[in-house]
Amino acid sequence: MKLEVVILGAGQGTRMKSSLPKVLHLVAGMPLLEHVVKTAQVLEPAAIHVVIGHGGDQVCDALARYDINWVVQEQQLGTGHAVRQALPAVSSDSTVLVLYGDVPLTRLSTLQQLVHQAQDGPALLTAELQNPNGYGRILRDENGTLLGVVEDKDATPSQRRIQEVNTGLLAAPCRDFQEYLPLVENNNQQGEFYLPDILSLAVAAGKVVKSCIAESALEILGVNDRVQLNQVEREVQRRQAEQLMRDGVSIADSGRLDIRGSLSCAEDVSIDVNVVFEGTVQLGPGVSIGANCVLSDVSVGEGSVVHPMSHLQGTVVGNNCSVGPYARLRPGTVLADGARVGNFVETKKANIGAGSKVNHLSYIGDCEMGAEVNIGAGTITCNYDGVNKHKTEIGQGVFVGSNSTLVAPLLIEDQGFVAAGSTVTTKVAKGDLAVSRTRQRNIQGWKRPRKPDTKD
Ligand code: UD1
Ligand code: MG
């Protein structure tokens, strides 16, 4: 039977105390809801329906690139009411899996099992919790047959002692939803239409409700506040780090690594503490990332080292390069093989040629640099005239002495040489030396200024 997924996400999320809809809060750099949608996609459903609240435009916009049927639930009258809003768009001959947009850690195998069990009747995912407070409890008869769910607020004291809880995730043939949802009433403590009430209705009609139990409490952890959001974040980070280590990456401390996007690593990569990866990052064989680095949308080639405290954004680092410590590589930076960019160097839209060195205290922006160039400490490309950005072109084997200012647009041809302390404003031809600084003057017998009361 074909599968359709309904994801509930219309809840207010008041406990987040946020202007952002709850399902858009980020976990590992991605909205909560997107995690659930991606998990759902792996099940290859015929359709994914997401129920959002009034004003859910922000949610639609954030997930615009997904093929989702958006269903608006104008008033949040309960989980049963929410699923009912989606029902007209679901085809009658499908199995329907209901997920929560704020429960992102459920394992794929668990969902597959749930769907498998729901071929000819409802199936519910349950969990055994030490502290079941707040959850709906699972009611069973003496033979263990599932009878239904009672909400915490409606439960008797003895029902509250039941530790098997409703995770909220369930699956059933669409026809069961069509049959039982309209019969659900809201005469309960919360005045809501409860989705799990379809289970007792199915049982009353002689159906067997199957259930499977979640492996761990984390699998079903829903985000209601920022404490739970952080629990989910840490669990996702723990899972990612564990997977990397199993794939052959050395991680100094799996609790001090954050991947907010996708990180792919070749073999023998090592990552020191407090490193943050954002967007898409690729690390080649043997790459080493030092402590306290942030890499966003970066690829690093084989054998390269990024030393501690470096920040790389939108950068391509070639093979056997050295970056940092304390380097800031901004978007559009490309380091060819063997290039070295050292401490307190900022680069932007800069091609640094093979084996070239910018080792200390420089700004290199809008620059095309050839191979085997040496840029002395404190060199600045003056790329901005207050209105436009201009380019600095530096040929192969050029040597730029320390504390030079290269005023763009500027061309320094191959083997050109700039004397330290020069301000270079015009082209330096091949092999020429450019010196533009005042000649040194030594004054003999010069007397230092003295305070008036100083005696000879
Ligand atoms: C629900 C279950 C409870 C279960 C618990 C697990 C019901 C009645 N109760 O309770 O048995 O133990 O989840 O976490 O189902 N939502 C809507 N529209 C609504 C109401 C809710 O889309 O009108 C969405 C919420 O955004 C959320 C999900 O449904 O994603 C669950 O809603 P919530 O209010 O958190 O239900 P609980 O009271 O936690
Ligand atoms: Mg909840």
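Both ligands and their constituent atoms are indexed starting at 1 by order of listing.
Considering backbone and side-chain atoms alike, N224 places every N or O at 3.5 Å or more from each N or O of ligand 1. Checking only distances, G78 does come within under 3.5 Å of ligand 1, N or O to N or O. Between G168 and ligand 1, no pair of N/O atoms sits closer than 3.5 Å.
Within the 4.0 Å heavy-atom criterion, neither part of E192 lies near ligand 1. If you look at T167 next to ligand 1, the close heavy atoms, those under 4.0 Å, all belong to the backbone. Heavy atoms of Q73 found under 4.0 angstrom from ligand 1 belong exclusively to the side chain. Counting heavy atoms under 4.0 Å from ligand 1, residue L77 touches it through the backbone alone.
Using a 4.0 Å cut-off to heavy atoms of A82, the atoms of ligand 1 that qualify are 17 (C), 18 (N), 22 (O). The G136 neighbourhood of ligand 1 comprises atoms 3 (C), 4 (C), 11 (O), 12 (O), with distances under 4.0 Å to a heavy atom of that residue. Counting atoms of ligand 1 from 1 in the listed order, those under 4.0 Å from a heavy atom of G9 are 22 (O), 26 (O). Set against the non-hydrogen atoms of Y135, the atoms of ligand 1 under 4.0 Å away are 6 (C), 12 (O), 14 (O). Numbered from 1 in the order shown, with element, the atoms of ligand 1 that lie under 4.0 Å from a heavy atom of Y194 read 8 (C). With ligand atoms numbered from 1 in the order given, ligand 1 contributes 7 (C), 8 (C), 15 (O) to contacts under 4.0 Å with heavy atoms of P196. The distance from ligand 1 to the heavy atoms of T79 drops below 4.0 Å at these ligand atoms: 7 (C), 8 (C), 15 (O), 20 (C), 21 (C), 29 (O), 31 (C), 32 (O). Atoms of ligand 1 lying under 4.0 Å from at least one heavy atom of L8, given by number and element, are 22 (O), 24 (C), 29 (O), 30 (O).
Here the straight-line distance linking atom CD of E393 with atom CG of N351 works out to 11.0 Å at 0.5 Å rounding. Once rounded to the nearest 0.5 Å, the distance linking NE2 of H25 with CE of M16 reads 4.0 Å.
Residues V165 and R137 meet the side-chain proximity criterion, which asks for heavy atoms closer than 4.5 Å.
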